[in-house]
J.: 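Please see the structure below; I have some questions.
Throughout, a chain's letter reflects where its sequence line sits, starting with A, and its residues are numbered from 1.
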Number of protein chains: 2
Amino acid sequence: MLVIPNGDRVAVRRAATRLEILEAAWEVARSKGLVELTLRDVADRVGMRAPSLYGHFASKNAIYDAMFEQAWSDYEATIPDLEGALPSHPRTAMRVIAAHFYDFTATDLARHQLMNQSVIAGFAPSAEAYAPSVRVLERAHRTIVALTGARTEDVEVWVALVGGLINQHHANDAGGSRHRVLLDRGVDMWADAVGLPPDDQQ
Amino acid sequence: MLVIPNGDRVAVRRAATRLEILEAAWEVARSKGLVELTLRDVADRVGMRAPSLYGHFASKNAIYDAMFEQAWSDYEATIPDLEGALPSHPRTAMRVIAAHFYDFTATDLARHQLMNQSVIAGFAPSAEAYAPSVRVLERAHRTIVALTGARTEDVEVWVALVGGLINQHHANDAGGSRHRVLLDRGVDMWADAVGLPPDDQQ
DNA sequence: GTCTATACTGTGATAGAC
DNA sequence: GTCTATCACAGTATAGAC
């Protein structure tokens, strides 16, 4: 019979509670807004009082920090599937990559605000929480260069373009699909400028 | 001798006080942050107590509202000079227009956050405050179409691109000039895709 | 008519009892 | 570990001083 040391049992339970709190925080953020989230709301949802959360997180910003890391880690976890099924044609592949990130971030305002904007007053992600987003961007950069031969400068323009279209979506068209059309058009413009050959669809 | 009716005198003084409060609010926003601005800070700077501000603005968000309108009106006021001195070559002109907006908004974080992002919790600009920004965008749209013959869709991509680069500037490079280079590159890409002829510089 | 004093509510955070 | 009690500070409503 397996003997679990007492310390591990405690650690496992603590980690589970942390996850439960984070899940509640996401629900609150999605229902009443990321900025409007309060510790009392989160505590209610896990059946605690607000001060008890401080036994698991050092501050409200520490909760945001963990959510930030979680969001980018979740996205990172989707990349292998994406890259495994990438079309061979570079232009089509760039469309797919853009749409993949767009879909992940345009469907969830709270997640988008946390990942891509600085909407929370005194909050900036810690170095550890920032790490997954850095990995994602570096990996995207390598993939795009390998795929298209674009220069670093042009990859940064591509990132700004995709980000700008997602912002526009949330500002003007939240819920609509109009900006998906603009996204394809924007990627095509970029592909033209970088010199990618046309593909079959269109 | 000019006789000023009493009602006008009062109205003039009230308008002056409003402007004084707004100016103080901008100073606070620039020094300690747009979101971190408090009514007590603003009141201190104009020599009042916080509740007294309610004699001039209905709420804190009403102050943000007036600041929003002011920022876009100020930008609108710079357009005639810009368009009067626009280079005849379409590609160069698009570079100048982009740089003009970029410079206005990239040099002042508080103003950028208020004009282009939704960083304030419960605040959305009123219809009246929104009007100048709508006028600016519509005028830019007409100017760009007249200049380049671009389709509406492509103009929207251009707007998203410029906005995305400004966001990147504030997120990664605040104070630096690296994104000015990317801006020119981005505009060039767009110009290529829209079919503008090359210009002399470059 | 303009500002102040006071107070109410809700927030994040801390201290100490159990 | 979680609770209760409490704090400091925010926006804001109201009543009254001058």
J.: Using a 4.0 Å cut-off on heavy atoms, which residues in residues 16-30 of chain A reach DNA chain C? List them by number, or say none.
T.: none
J.: Going by the rule salt bridge (charged side-chain N to carboxylate O under 4.0 Å, His left out), which residues pair with D74(B) if we only count those two or more places apart in sequence or in a different chain?
T.: none
J.: Under 4.0 Å between a side-chain N or O of S52(A) and OP1 or OP2 of dG1(D)?
T.: no
J.: Going by ring-ring contact (aromatic ring centres under 6.0 Å, His included), name the pairs with one or both residues in residues 33-60 of chain B, residues two or more places apart or in two chains.
T.: none
J.: Treat primed atoms plus P, OP1 and OP2 as sugar-phosphate and everything else as base, then score nucleotides 9-18 of chain C 5' to 3': B for base contact with protein heavy atoms under 4.0 Å, S for sugar-phosphate contact only, - for none.
T.: --BBBB----
J.: Donor-acceptor pairs under 3.5 Å, side chain of residues 134-145 of chain A to any protein atom, not counting sequence neighbours: which ones?
T.:
residue	atom	partner	partner atom	Å
R135(A)	NE	E76(A)	OE2	2.7
R135(A)	NH2	E76(A)	OE1	3.0
R139(A)	NH2	E83(A)	OE1	3.4
H141(A)	NE2	T152(A)	OG1	3.2
T143(A)	OG1	E83(A)	OE2	2.8
T143(A)	OG1	R139(A)	O	2.9

J.: What's the CG-P distance between L53(B) and dT4(C), to the nearest Å?
T.: 9 Å
J.: Could you give the side-chain donor-acceptor pairs of residues 25-34 of chain A under 3.5 Å, partners two or more places apart or in another chain?
T.:
residue	atom	partner	partner atom	Å
W26(A)	NE1	Q70(A)	OE1	2.7
E27(A)	OE1	R45(A)	NH1	3.2
R30(A)	NH1	D108(A)	OD2	2.8
S31(A)	OG	E27(A)	O	3.4
S31(A)	OG	V28(A)	O	3.3
K32(A)	NZ	D41(A)	OD2	2.8

J.: Base, sugar-phosphate, or nothing for R14(B), non-hydrogen atoms under 4.0 angstrom?
T.: sugar-phosphate
J.: Quick one: ring-ring contact (aromatic ring centres under 6.0 Å, His included) partners of H170(B), sequence neighbours excluded?
T.: H112(B)
J.: Does this structure show an ion pair linking R95(A) with D188(A), if we count only N-O contacts that are shorter than 4.0 Å?
T.: yes
J.: Among pairs that include at least one residue of residues 84-111 of chain A, which meet ring-ring contact (aromatic ring centres under 6.0 Å, His included), considering only residues two or more places apart or in two chains?
T.: Y75(A)-H100(A), Y75(A)-F101(A), Y75(A)-F104(A), Y102(A)-H169(A)
J.: With a cut-off of less than 4.0 Å, is there a side-chain N or O of H56(B) near OP1 or OP2 of dC3(C)?
T.: yes
J.: Could you list the residues that satisfy salt bridge (charged side-chain N to carboxylate O under 4.0 Å, His left out) with R40(A), not counting sequence neighbours?
T.: none
